[in-house]
**Student:** 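My questions will all concern the structure given below.
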Amino acid sequence: MSTNDQLQLAFQMIEDGVRQVRNSDAYQRYLKVMSKFHNYSVCNSLLIYAQCPHASYIAGYRAWQNLFKRYVVRGSKAIKIIVPFKIKRKKDEDTDKTDVEDDYIIKYRAVNVFDISQTIGEPLPELVTELKGDDKSASILLESFKELINDVDVLFKEPGSDKLLRSGAKGYYDIKNKHIVINKDLSINHQLKTMIHEYAHSILHTENNGTKKQQEVEAESIAFVVCHAFGLDTSEYSFGYITSWSEGLEADQFKMILNNIQTRANSIIERVKPIYYKKMEEKQNEKEYQRCTQ
């Protein structure tokens, strides 16, 4: 099978996998909880991003407690957004109150909200299953990507030492400091997938390109396709993740996003291949040497 055919198959697997997840009971339970989060205006979305670029799930102090059974960590810096409120307009005393309906003046005020990374408590429902296993090929591919990503530092951290990892993130790309952070407690298979996901962010989304939904769909789709090209199946995690972030996208929008990243996915595969094959050969030679010297 040619590389192009493999890519086409992998992207078709994403479409089919997302379709199956959307028809599941777990997805309906997930939507029920997610519907409790507000959809913010463009203005407020920009305000949130400016104050907390990694923000994902946003709610007020009481909403986190009452709706999600999570609690804002003491000392967390609030994210400011603008919300409208109504003030009843005073009526002219000469006006017949029975003939004129009450009307209101719209005013605005700043209120405090918090990202999930600033909270602790019960986990939100997930559509994903953390990847298990420490495949040898995944370990070699992980080392290959470390070598490929030479303009971005890759840091493996204990989840308790990092606010975002502590909130449940598997990893993230720090645009300001240009480094990728990965939860070192993950399996090798999941570390690899996360590294590719965050690497995709680092090369595609350094200038706030596209919506958050589009960015996450692109990054995880690339991670799945690249892993698939080297024989690693991440569908247990990737399909649910892509489904959650593609909620609200029309089928043609979703397909267009996938079409737009095929060239980029292929480029990543082709760039890492020689590094991977060289390391595979070195490992094989080392194994043969050890066998001969025993």
**Student:** Does the Asn189 side chain pair with the main chain of Lys132, one donor and one acceptor, at a distance under 3.5 Å?
**Tutor:** yes

**Student:** With no hydrogens and no angle check, do the side chains of Asn112 and Lys80 hold a donor and an acceptor under 3.5 Å apart?
**Tutor:** yes

**Student:** Is the closest basic N to carboxylate O distance between Glu143 and Lys146 below 4.0 Å?
**Tutor:** yes

**Student:** Rounded to the nearest 0.5 Å, how far does CD1 of Ile48 lie from CD1 of Ile58?
**Tutor:** 5.0 Å

**Student:** Does the ring centre of Phe239 sit less than 6.0 Å away from the ring centre of Phe224?
**Tutor:** yes

**Student:** Under the salt bridge (Lys or Arg N to Asp or Glu O under 4.0 Å) rule, collect the residues that match up with Lys212, sequence neighbours excluded.
**Tutor:** Glu216

**Student:** Look up atom CD1 in Ile149 and atom CD1 in Ile268, then write down how far apart they are to the nearest 0.5 Å.
**Tutor:** 9.0 Å

**Student:** For the residue pair His205 and Tyr173, is the inter-centroid distance of their aromatic rings smaller than 6.0 Å?
**Tutor:** no

**Student:** How long is the straight-line distance from OG of Ser76 back to NZ of Lys163, given to the nearest 0.5 Å?
**Tutor:** 6.5 Å

**Student:** Atom CE of Met195 and atom CG of Leu148: how far apart are they, to the nearest 0.5 Å?
**Tutor:** 10.0 Å

**Student:** Restricting to pairs with a member in residues 186-199, which pass salt bridge (charged side-chain N to carboxylate O under 4.0 Å, His left out), not counting sequence neighbours?
**Tutor:** Lys193-Glu220

**Student:** Heavy atoms only: give me the nearest Tyr27-Leu127 pair and the separation to one decimal.
**Tutor:** CD1-CD1, 3.4 Å

**Student:** Kindly say whether Ser56 contributes a backbone atom to a donor-acceptor pair with the side chain of Asp115 at under 3.5 angstrom?
**Tutor:** yes

**Student:** Walk me through it: do Val113 and Tyr40 pass the test side-chain contact (heavy atoms from CB on, under 4.5 Å)?
**Tutor:** CA-CA 12 Å; Val113 293; Tyr40 291 102; 4.0 Å; yes

**Student:** Do Lys279 and Glu147 touch side chain to side chain, with heavy atoms closer than 4.5 Å?
**Tutor:** yes

**Student:** Do the side-chain N and O atoms of Gln8 and Gln262 include a donor-acceptor pair separated by under 3.5 angstrom?
**Tutor:** yes

**Student:** Shortest non-hydrogen contact from Tyr30 to Pro125?
**Tutor:** CD1-O, 3.4 Å

**Student:** Provide the closest heavy-atom pair for Cys52 versus Ile79 in the form atom of the first, atom of the second, distance.
**Tutor:** CB-CD1, 3.7 Å

**Student:** In Å, rounded to the nearest 0.5 Å, how long is the span from CZ of Phe85 to CD1 of Ile106?
**Tutor:** 9.0 Å

**Student:** Looking at Trp64 and Phe114, what are the two nearest heavy atoms and their distance?
**Tutor:** NE1-O, 3.0 Å

**Student:** Are Ser137 and Asp135 close enough that a side-chain donor and a side-chain acceptor fall under 3.5 Å?
**Tutor:** no

**Student:** Tell me whether the rings of Tyr277 and Phe230 are parallel (<30°), tilted (30 to 60°) or perpendicular (>60°).
**Tutor:** tilted

**Student:** Does any N or O in the side chain of Asn23 come within less than 3.5 Å of the main-chain N or O of Arg19, such that one atom is a donor and the other an acceptor?
**Tutor:** yes

**Student:** Asp252: which residues meet the side chain to side chain contact (heavy atoms under 4.5 Å, CB included) condition with it, sequence neighbours left out?
**Tutor:** Glu250

